[in-house]
Amino acid sequence: MIKIKYYFFSVILIMASKFGITQTEPLSKNPNIIIILTDDQGYNDVGFNGCEDIPTPNIDRIAKEGVKFTNGYVTYAVCGPSRAGLMTGRYQDQFGFSRNPIFSPQDPEMGLPLSEQTLADIVKSAGYKTMGVGKWHLGAHAGLHPNVRGFDEFFGFLGGGHRYFPEEWTIEHESEAKGEGGSYRTKIQRNGKPVEEREYLTDALSREAVSFVKQNAGHPFFLYLAYNAPHTPLQATEKYLSRFHHIADKKRRTYAAMVSAVDDGVGLLLQQLEKSGISNNTIVFFLSDNGGPEQDNASDNGVLRAGKSSFYEGGIHVPFAMRWPDKIKAGQVCETPVISLDIAATIVANIRDRVTVKNELHGIDVMPIVNGTVKNTPKRTLFWRRYDTQEHIARQGNGPFKVLLKTNKKELYNVNEDISETRNLFEENQHKTVREFLVKELEEWKMKLKEPAFLGLVKEQMDEYWKQRNKRTP
Ligand code: CA
């Protein structure tokens with residue numbers, strides 16, 4: 001657990017000898033922060049994890065010029081709760097965000113509870129400019145809109161996904177959209193207002209991200225770039241499809257085109273950082289919000305077992321990299337498990353100004369691990385809960401073992417030796433100590449968890465939700 005640190009800074013005057021004048025540097029040298037989140041991208045679908053049929057040279061730059069995390073996790077196996085964990089730096093089950101929210105602009109409770117600070121709120125307390133681009137999925141009600149959750153600017157959409165071609169955006173405003181399907185067809189919005197957008201969605205999101213960086217290069221900023229690609233529906237333009245004639249499977253070809261569009265966007269963004277002269281002091285994180293649903297979007301989780309929705313590795317073990325040239329040497333590989341919660345903790349620990357953090361963060365600063373300045377891997381356990389099936393999972397942060405508990409199922413895997421989780425070691429006596437340790441850790445963690453704050457996207461729950469709502473508002 002990270003202790004809240006308060007850093008004070010002083011205005012630094014430097015002699016800009018080149019110009020023979022005295023310049024005042026920006027108030028501090030706080031790093032700029034960019035989080036690039038993709039949606040439903042498989043572990044194996046980036047070049048830095050060995051992907052062969054989809055080149056991702058720009059995404060790979062983040063890993064090659066920084067650090068690749070080979071054991072990078074997210075806090076849930078589907079979009080909504082995973083984003084809630086990332087955006088708060090806290091286990092979402094500790095504040096009841098335990099399901100994918102139902103798209104319901106009328107409902108102030110259907111999303112990220114107001115008790116929670118977002119990462120944007122946190123960095124804003126240190127004077128950062130903030131922008132969210134792309135998929136929100138943390139509440140469609142006006143009281144949960146990104147603009148009231150710490151983001152100065154927002155360009156994107158509020159639901160769990162979106163269609164990619166502007167001609168399909170036939171619903172003027174998100175408040176008129178009925179259910180999740182309707183939300184996929186709304187016009188893209190800027191700060192709550194529909195805009196006339198003509199570009200392929202992924203290109204439009206990249207353009208906005210680049211423009212924000214260009215305009216704010218002189219001031220510390222936080223950019224949350226949440227692509228909905230390569231989440232379904234599988235839709236790509238000829239520009240990107242034409243790069244993948246070598247892929248025979250149509251689904252995989254379209255998926256590849258969508259990933260390639262993201263990669264182009266990442267390239268433009270990295271270029272803009274260089275043009276603006278802020279590349280070295282900008283932290284860029286890259287990760288996917290959960291593992292690939294291989295059947296749905298033709299993603300590939302490689303040797304990992306299962307995929308999206310599952311708490312085997314394929315659902316929660318994602319492509320994960322970080323670049324910060326000022327502080328991280330190029331070409332690092334970090335095998336120590338990290339989790340998306342660590343992003344908030346790392347940001348807070350590395351901002352030099354005073355940062356106000358209201359709630360306890362559950363991650364750790366990864367910088368000492370990445371730079372090898374700590375001797376021993378921090379002792380911690382990573383946790384997951386899937387409420388509706390009563391599954392509880394724990395993984396050692398400083399060891400190879402992972403336990404999965406369900407009513408009628410008890411499993412233990414050594415994920416270092418058996419990353420595909422094929423040999424259940426739970427009953428083996430030689431692992432009694434670690435098994436008992438992880439079970440006890442889970443029992444203690446479970447005491448901190450809340451009941452879900454809302455019903456979710458599963459059909460039965462949605463039916464129940466609309467039945468209750470219709471009763472309230474006839
Ligand atoms: Ca997702």
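Note that this is a predicted model, so its numbers are computed, not measured. Just follow the structure's listing: the first ligand is 1, and inside any ligand the first atom is 1. Atoms considered below: every heavy atom in the structure, side chains included; atoms not considered: hydrogens, waters and symmetry mates.
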**OP:** Would you please classify the geometry between the H317 ring and the Y73 ring as parallel, tilted or perpendicular, with 30° and 60° separating the classes?
**Re:** tilted
**OP:** Flag the pair D418 and R305 as a salt bridge only when some basic side-chain nitrogen lies within less than 4.0 angstrom of an acidic carboxylate oxygen.
**Re:** no
Original post:
Relative to the Ca ion (ligand 1), how many protein N, O or S atoms have a separation of less than 3.0 Å?
Top reply: 6
Subject >> Member of E197, E174, E196 meeting the salt bridge (charged side-chain N to carboxylate O under 4.0 Å, His left out) criterion with K187 >> reply: E196
Original post:
Hey, which of I328, V67, I283 is the one that makes side chain to side chain contact (heavy atoms under 4.5 Å, CB included) with M367?
Top reply: I328
**OP:** Any pair with a residue in residues 46-64 that passes side chain to side chain donor-acceptor pair (under 3.5 Å), sequence neighbours left out, goes on the list, sorted by first then second residue, please.
**Re:** D53-R252, T56-D60, N58-D263, R61-E65, R61-E274
Subject >> Salt-bridge present (D342, R380; N to O < 4.0 Å) >> reply: yes
